[in-house]
Amino acid sequence: NFSIYKNKFLRLVSPNGGESITSDTTLIIWTSVNIANVGLQYSLNNGYSWTQIVVSTPSTGSFRWTIPTETSTLARIRVYDVSDSATYNDMSDSYFSLNSVPVSNVRIDNPKANEKSSSERIISWEGSAQLKRVKLEYSLDSGKNWILIEDNYSSTKGSNKFTWKYSSNIDVNKIIVKVSDKDSNFYKTASPKQ
């Protein structure tokens, strides 16, 4: 299969959402037809505001981007036709992480699913060097609403744990626990250990 374009065409290929970029540079890739030069921008807040990467570069299909020092889990890239940016532009389909790998794993050690008697649980997670403080929450309605456990808990690189003493009338089979990075919107969730 192939496509034929009589007029202009522009589409961003990568990064297009879901990536975790922690290297010093990354390749921005796009496809275009009948476009001489493109401009490139990045956003750290899911497209609410944009910062210029390059005002104009030949539309060769790729550009080596030197990653900024900012950290974000809501980053996006935008590419646009320099001669007609309002008509021909495209951005990442979803957000990606930039210099942020704060939580690699969340585990609930206690209680196990179907266990009714315990009123204490250990929330444990693997943190990165960037992760300094976390917020711990739980939900009883599949993540629609969250109830605060701890607002500002210290986290270090490697294994971390927090002992949560909770009310005995909570149905542990319905609990979802969330560990969030205090400095970004990145989070991980976990249900009772089977």
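Residues take their numbers from the sequence shown, with the count starting at 1. Because the structure is a prediction, the values reported are computed rather than measured.
- Atom CD1 of Ile149 and atom CH2 of Trp164 lie 4.0 Å apart (nearest 0.5 Å).
- Contact of the Val38 side chain with the Thr57 side chain is registered, since non-hydrogen atoms from C-beta on lie closer than 4.5 Å.
- Without hydrogens or angle criteria, Ser72 side chain to Leu44 main chain gives a donor-acceptor distance under 3.5 Å.
- More than 12 heavy atoms of other shown residues, nucleotides or ligands fall within 6.0 angstrom of atom CG in Asn152.
- Residue pairs meeting the salt bridge (Lys or Arg N to Asp or Glu O under 4.0 Å) criterion with at least one partner in residues 75-91, sequence neighbours excluded, are Lys8-Asp81.
- Closest heavy-atom contact between Val82 and Ser56: CG2-OG, 3.8 Å.
- Shown here for Val177 and Trp146, the closest heavy-atom pair between the two residues is C-CZ3, 4.2 Å.
- Ser92 has its side chain within reach of Leu12: a pair of non-hydrogen atoms, C-beta onward, lies under 4.5 Å apart.
- Side chains of Ile28 and Leu40 form a contact here, defined as non-hydrogen atoms less than 4.5 Å apart.
- Residues Trp30 and Ser59 come closest through the heavy atom pair NE1-OG, 3.0 Å.
- With sequence neighbours left out, the ring-ring contact (aromatic ring centres under 6.0 Å, His included) criterion links Phe162 to Tyr153.
- Ser49 approaches Ser43 most closely through the heavy-atom pair O-OG, 2.9 Å.
- For the residue pair Leu140 and Tyr138, the shortest heavy atom distance occurs at CG-CE1, 4.0 Å.
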(request) Apply side-chain contact (heavy atoms from CB on, under 4.5 Å) to the pair Tyr80 and Gln41, showing each step before the final yes or no. (result) CA-CA 9 Å; Tyr80 60 89; Gln41 298 174 318; 3.9 Å; yes

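- Looking only at distances, a side-chain donor or acceptor of Ser139 sits under 3.5 Å from a matching main-chain atom of Asn145.
- In summary, the side chains of Ser97 and Glu19 do not present any donor paired with an acceptor at a separation below 3.5 Å, with no hydrogens or angles considered.
- Contact check for Asn160 versus Val179: no side-chain heavy atoms found under the 4.5 Å cut-off.
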